[in-house]
Participant: 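Quick one: structure below, then a few questions.
Numbered from 1 within each chain, the chains take letters A, B, ... in sequence-line order. Values in this document were obtained by computation on a predicted structure and should not be read as measured data.
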Amino acid sequence: MPHELPKAYEPGAIETRWAEYWVKEKLFSPPTPGPGESRPVFTLLLPPPNVTGRLHMGHMLNQTQMDIIVRWHRMRGFLTLWLPGTDHAGIATQMMVERQLASEGKKRRDLGREAFIQRVWEWKRHYGGAILDQMKRLGASVDWDREYFTMDEGLSRAVIEVFVRLYEEGLIYRGKYIVNWCPRCETAISDLEVKHEEVQGKLFEIRYPVIGTNEFITVATTRPETMLGDTAIAVNEKDERYKHLRGKKVLLPLMNREIPIITDELANPEFGTGAVKVTPAHDPNDFEAGLRHNLPQIDIMDEHAHMNKNAGPYAGLSRYAARERVLEDLRTQNFLVGEKKHTIAIGKCDRCGTVVEPRLSTQWFIKIKPLADRAIEVVENGEITIVPENYKQIYLNWMHNIHDWCISRQLWWGHRIPAWHCKCGEIIVAREAPAKCSKCGASEPKQDSDVLDTWFSSGLLPFTTLGWPEQTRDQEVFYPTTLLITAYEILFFWVARMIMFGCHFMPDHKQDPVLKQASGWAGKKDDSVPFRQVYIHALVRDADRQKMSKTKGNVVDPLDVIQRFGTDAARFTLAAMAAPGTDIAFSESRTDGYRAFANKIWNAARFMFMNVDRAEQAGAWKQQEFLKRLEAGLRPALAGSLRLRSGQAPTIPHAGLAGFEASTLEDHWILSRFHRVTKDVNDAWQTYRFHEAANRIYDFFWGDFCDWYIELVKPRLTPENGGEKASAGVACGNLVSLFDASLRLLHPVMPFITEEIWHAVYDGKPPLKSIALAAYPQADEKQFDLAAETSMAIVQDLIVSVRNLRAELKVEQKQKVPIQVYTQDAEIKSLLDQNRGAIERLANVESLTFVQNSLGSLPGARSTARFDVHVIYEKKIDLGAERERLKKELEQIEKEIANGQRQLSNEQFLVKAPAKVVDGMKKRAQELAVLQEKTKSKLEELKTT
RNA sequence: AGGCCCGUAGCUCAGUUGGUUAGAGCGCUUCCCUGACACGGAAGAGGUCGAUGGUUCGAGUCCAUUCGGGCCUACCA
């Protein structure tokens, strides 16, 4: 059956077709192994995108890297689960729907809680799937059967279970504290959700009259309006300046309230005037000081950050208007004594950008220290490794300075807190709504109106997605997950929380003999950790290294890139640019280059099919018979124990080049190259050096395979041009074998084009449903063939030298020229002699003759350490240009010689440097001496002519 | 305030533990639409690796200082 492929690769139709096929055929849903079955497992949890999300470059990078690692594991025989889902994203989603309502002229309170939540669900059903559809377009090989949503019934039950357990253990408490309050979102937010921004502000100095004296005490503040809620002035105990005022009282200006002067470490004698106003209800430090001194907390603002009745005459004003009025009044009443420029870091709401107000309110918190301690331990002792390693220190620093986590949010969309309040003041935390108050017996306690921080539920995902709190087989098999690939941004939001929750709630098999036996786990590692390794990937920036943001308008839309260059090219770009630890400046010219690469692969395939079909017709090759031979090495091995870590490979029998028969130099050479590249690529995936793996494959396929191997093998493929029938068959087989293996090698990065061509190789009837299920090539180091590589390098060197000379001599492209070659080395001579056909063809040489004398000094000749070659051509060369070139070359050589001599004459070098380096240098010095001699004499010759 | 990262060819970036001649893609120059591919082939030009000093037989790579760019964390008014 002849293969018909269009001349140029058109990714569009092909990609969507395979994307649908993969989903439809459920190729990526791993079967749950039975109790006795043992197989290496690889589990990866997709960082759930927000339901509000649209795919951006960051997602694409993240998902490309995950998909590469996932496909690579799957192809090596791991039982592979990649678990997808979406996050309900409390604040973000609520904002979207509120915005939608606003366009209808409504507010959420107009609808009421129930109706509003219904509305959000509707919104979710409508728009929530967008990002997952976009993921399908990327080719993400996730298990769609296990797709979850963080508000699903099962996951919600697990959230309640966790809350109740933590409460019962005393790790969740409720209390009135200062929290970050967003006046626009009207909710508390965690420290992490506050983004700090440095702005030029002012430091105001206000004097307060000390009662019973003529003195004033002056304080400095950046937020004068908060003075309305002052309940003390603090000075430092060591500060002699204020010693005489201690215990006295001041009259708070504008409010005419008496407040005490206290001594507290809060006041830093070095800063400002050394005296500080204390406003316990509006500043976290003041709050702490207030507790120490039993000061009243006067809350002067409402939930919108407007002044309330406690602000007396200022009630009703916004915090900014109040600030102006307060300043004005202080000024007119002569209390304002100074104004200085001062840079201040103001906190803004991560979601909406509104300036956050520290606000006193009653919230739920998690006592974090006990959870953090364990989470620190598992990272310190390496049970969880973080790559790149510098993030480990960042993680540990943060964990050591962690504060209690405020988990309640005054929102409607989210997991409602499972606590019920009774009129009598009792709070009942329970899995189900209680019918009666457990204390006073009153009926129908009311459920707490707050919901949980979104990250509370996402922190549980590694086990809740596997059926926890039920004891499921899934959990036994797939927990702990193997790896987490995520962005640095959510290291604390998400990664740290998963570690804390996982370690706290999941059983450690090594400490639990029953579970240990059940899972067949005999390792030493802690099994409660949510994952064994975290890989933090880089940030994708725009071509100018700027962070992409909507406001800057420099966002590159991945779907647009896909549209223009194809998914494979886009994926390859991200892989090829993703060196660990460095950000990616996304440039379209690179993507364009990789689209060309896809086209190159496509055309190489066309070439293969063309020849294979012709050989088949000529009776030189039997395709079906040959494909049977390929099949043998196609299935990944399934051996190994259940709990292998991702770092270990299952024992896979060599799944490289089935059916390849090396007979010629280029065969031996390409075989060796293939195994070397395969080794490097596998090593690179293992250590997340995506760029290295991608580049190795690129260079191999384009450079070695297309530019050299295919060119060399051409005559063998066309028996009618003088080749032999039998050798044509072998050559076809080698080509197909090599192509099949190369496709498998490349598949994790470019899943679409490889799938398409692979199916074509098998005439649309491959032995497996997808190349994604075929075995990943493994290197066989016994196939490394240094001799073949060295020989090939010499042949290539000669060909390139001749081409080079031809260009210099301005020989017409089509014109064949005779060449002379001189070499002292009999082996090299025989090598070149044996490969004269290749040389003549690839360098467009008429005839190659060996001569007895050095040719180095002739014009139109070139010397290397191994041979001299002379192109016989009558046309005159530009002597001036040639002289210049030679001069430069000689300079270069002499510079290197000097360098080498300096080293070699240094005794320290000879003693201390490894023998390998010294020997290499000596050898090189000899070569250089020869080259120098030849170049010199050639220059001499040119001067005299 | 503390911490992290980056500065290599015109542009975008590689360069793992210090080891001989610093690489790639794009762009540029010259030639070629040769039967897989002009999204191609062949040959080239282009870099004192931000600066200074140090460690070392040997530094793009390690250390210190410095300049320039970026990021993150932080409750000092």
Participant: To the side chain of Phe607(A), which of U20(B), A36(B), A77(B) is closest?
Facilitator: A36(B)
Participant: Could you tell me whether Arg590(A) contacts a base, only the sugar-phosphate backbone, or nothing, with contacts defined as non-hydrogen atoms closer than 4.0 Å?
Facilitator: base
Participant: Can you name the ring-ring contact (aromatic ring centres under 6.0 Å, His included) partners of Tyr242(A), sequence neighbours left out?
Facilitator: none
Participant: Do Asn599(A) side-chain and C37(B) base share a donor-acceptor contact under 3.5 Å?
Facilitator: no
Participant: Would you measure the distance from the P atom in A43(B) across to the matching atom in C26(B) and give it in whole Å?
Facilitator: 15 Å
Participant: Measuring only the P atom in each nucleotide, how far is G2(B) from G54(B)? A whole number of Å is fine.
Facilitator: 29 Å
Participant: Would you mind classifying the nucleic acid contact of Glu711(A) as base, sugar-phosphate or nothing, using non-hydrogen atoms under 4.0 angstrom?
Facilitator: base
Participant: What pattern of brackets, bars and dots sums up RNA chain B from 5' to 3', given Watson-Crick or G-U wobble pairs under 3.5 Å, [ ] for crossing pairs and | for another strand?
Facilitator: (((((((..((((.....[...)))).(((((.......))))).....(((((..]....))))))))))))....
Participant: Taking the side chain of Trp398(A) as its heavy atoms from C-beta onward, which of A36(B), A74(B), G19(B) lies nearest to it?
Facilitator: A74(B)
Participant: Base, sugar-phosphate or nothing for Met921(A)? Non-hydrogen atoms, less than 4.0 Å.
Facilitator: base
Participant: Using salt bridge (Lys or Arg N to Asp or Glu O under 4.0 Å) as the criterion, list what pairs up with Glu846(A), not counting sequence neighbours.
Facilitator: none
Participant: Can you tell me, in whole Å, how much space there is between the C1' of C57(B) and that of G18(B)?
Facilitator: 12 Å
Participant: For A43(B), does the base pair up with any side-chain atom of Gln813(A) as donor and acceptor (N or O, under 3.5 Å, distance only)?
Facilitator: no
Participant: Indicate, with a heavy-atom threshold strictly under 4.0 Å, whether Asn906(A) touches base, sugar-phosphate, or nothing.
Facilitator: sugar-phosphate
Participant: Check every atom of C37(B), A36(B), C39(B) against the side chain of Lys7(A) and return the nucleotide holding the closest atom.
Facilitator: C37(B)
Participant: Taking the nucleotide of RNA chain B with the nearest heavy atom to each, does Ala596(A) or Asp283(A) sit closer to the 5' end?
Facilitator: Ala596(A)
Participant: Between G35(B), A42(B), U73(B), which nucleotide has the shortest distance from any of its atoms to the side chain of Asp707(A)?
Facilitator: A42(B)
Participant: Which nucleotide wins on minimum distance to the side chain of Asn603(A), given the candidates G35(B), A74(B), C37(B)?
Facilitator: C37(B)
Participant: What is the separation between atom CD on Glu588(A) and atom P on G25(B), rounded to the nearest whole Å?
Facilitator: 20 Å
Participant: Go through Trp602(A) and Ile757(A) one step at a time and tell me if the side chain to side chain contact (heavy atoms under 4.5 Å, CB included) criterion holds.
Facilitator: CA-CA 8 Å; Trp602(A) 187 254; Ile757(A) 297 173; 4.1 Å; yes
Participant: I'd like to check the side chain to side chain contact (heavy atoms under 4.5 Å, CB included) partners of Arg866(A); sequence neighbours left out, ordered by chain and number.
Facilitator: Thr790(A), Ile794(A), Ile828(A), Thr864(A)
Participant: In whole Å, what separates the C1' atom of U16(B) from that of A77(B)?
Facilitator: 49 Å
Participant: Using the C1' atom as the point on both nucleotides, what is the distance between A74(B) and U52(B), in whole Å?
Facilitator: 33 Å
Participant: Give Gly274(A) one of three labels, base, sugar-phosphate or nothing, depending on what nucleic acid heavy atoms sit under 4.0 Å from its own.
Facilitator: base
Participant: May I ask you to say what Lys922(A) touches in the nucleic acid, namely base, sugar-phosphate or nothing, with a heavy-atom cut-off under 4.0 Å?
Facilitator: nothing
Participant: Picking from A43(B), A36(B), G40(B), which would you name as closest to the side chain of Trp702(A)?
Facilitator: G40(B)
Participant: Under 4.0 Å, counting only non-hydrogen atoms across every strand here, what does Ile710(A) touch: a base, just sugar-phosphate, or nothing?
Facilitator: base
Participant: For U21(B) versus G47(B), give the span between their C1' atoms, rounded off to a whole number of Å.
Facilitator: 14 Å
Participant: Choose from A43(B), G41(B), U73(B) the nucleotide whose nearest atom is closest to any side-chain atom of Phe492(A).
Facilitator: U73(B)
Participant: Taking atom C1' in both C28(B) and G7(B), compute the distance separating them and give it to the nearest angstrom.
Facilitator: 24 Å
Participant: Regarding Ala598(A), tell me which of base, sugar-phosphate or nothing describes its non-hydrogen contacts under 4.0 Å with the strands shown.
Facilitator: nothing
Participant: When all nucleic acid strands are considered with a 4.0 Å heavy-atom cut-off, which category describes Arg223(A): base, sugar-phosphate, or nothing?
Facilitator: nothing
Participant: So what does Leu203(A) touch, heavy atoms closer than 4.0 Å: a base, only the sugar-phosphate, or nothing?
Facilitator: nothing
Participant: Let me know, please, whether Thr273(A) or Asp699(A) comes out on the 5' side of the other along RNA chain B by nearest nucleotide.
Facilitator: Asp699(A)
Participant: Looking at A14(B), U12(B), U73(B), which one has an atom nearest to any side-chain atom of His691(A)?
Facilitator: A14(B)
Participant: CD1 of Ile536(A) versus P of U73(B): gap in Å, rounded?
Facilitator: 13 Å
Participant: The criterion is salt bridge (Lys or Arg N to Asp or Glu O under 4.0 Å); which residues satisfy it with Asp699(A), sequence neighbours excluded?
Facilitator: none
Participant: Quote, to the nearest angstrom, the P distance that separates U8(B) from C13(B).
Facilitator: 9 Å
Participant: Less than 3.5 Å apart, any donor N or O on the side chain of His403(A) or Asp191(A) sitting next to an acceptor on the other?
Facilitator: no
Participant: Contact class for Gly593(A) vs. all strands (heavy atom < 4.0 Å): base, sugar-phosphate, or nothing?
Facilitator: nothing
Participant: Is any side-chain N or O of Lys600(A) under 3.5 Å from a base N or O of C37(B), one able to act as donor and the other as acceptor?
Facilitator: yes
Participant: Would you call the rings of Phe597(A) and Phe701(A) parallel, tilted or perpendicular, taking 30° and 60° as the class edges?
Facilitator: perpendicular
Participant: Can you tell me which residue among Trp398(A), Tyr535(A), Tyr488(A) is in a ring pair (Phe, Tyr, Trp, His ring centres under 6.0 Å) with Tyr391(A)?
Facilitator: Tyr488(A)
Participant: Taking only Lys NZ, Arg NE, NH1 and NH2, and the carboxylate oxygens of Asp or Glu, determine whether Asp919(A) and Lys923(A) approach each other closer than 4.0 Å.
Facilitator: no
Participant: Please classify the nucleic acid contact of Pro358(A) as base, sugar-phosphate, or nothing, using heavy-atom distances under 4.0 Å.
Facilitator: nothing
Participant: Among A36(B), A77(B), C39(B), which is the nearest nucleotide to the side chain of Ala604(A)?
Facilitator: A36(B)
Participant: Grab the CG-P distance between Leu574(A) and G25(B) for me, whole Å please.
Facilitator: 19 Å
Participant: Does Val800(A) reach a base, just sugar-phosphate, or nothing at all? Heavy atoms under 4.0 Å.
Facilitator: sugar-phosphate
Participant: So, using side chain to side chain contact (heavy atoms under 4.5 Å, CB included) as the criterion, who are the partners of Glu894(A) when residues are at least two apart?
Facilitator: Leu890(A), Gln932(A), Lys936(A)
Participant: For the side chain of Tyr488(A), counting heavy atoms from C-beta on, which of A36(B), A24(B), C72(B) is nearest?
Facilitator: C72(B)
Participant: When the distance from CG of Asp230(A) to P of A77(B) is rounded to whole Å, what number comes out?
Facilitator: 16 Å
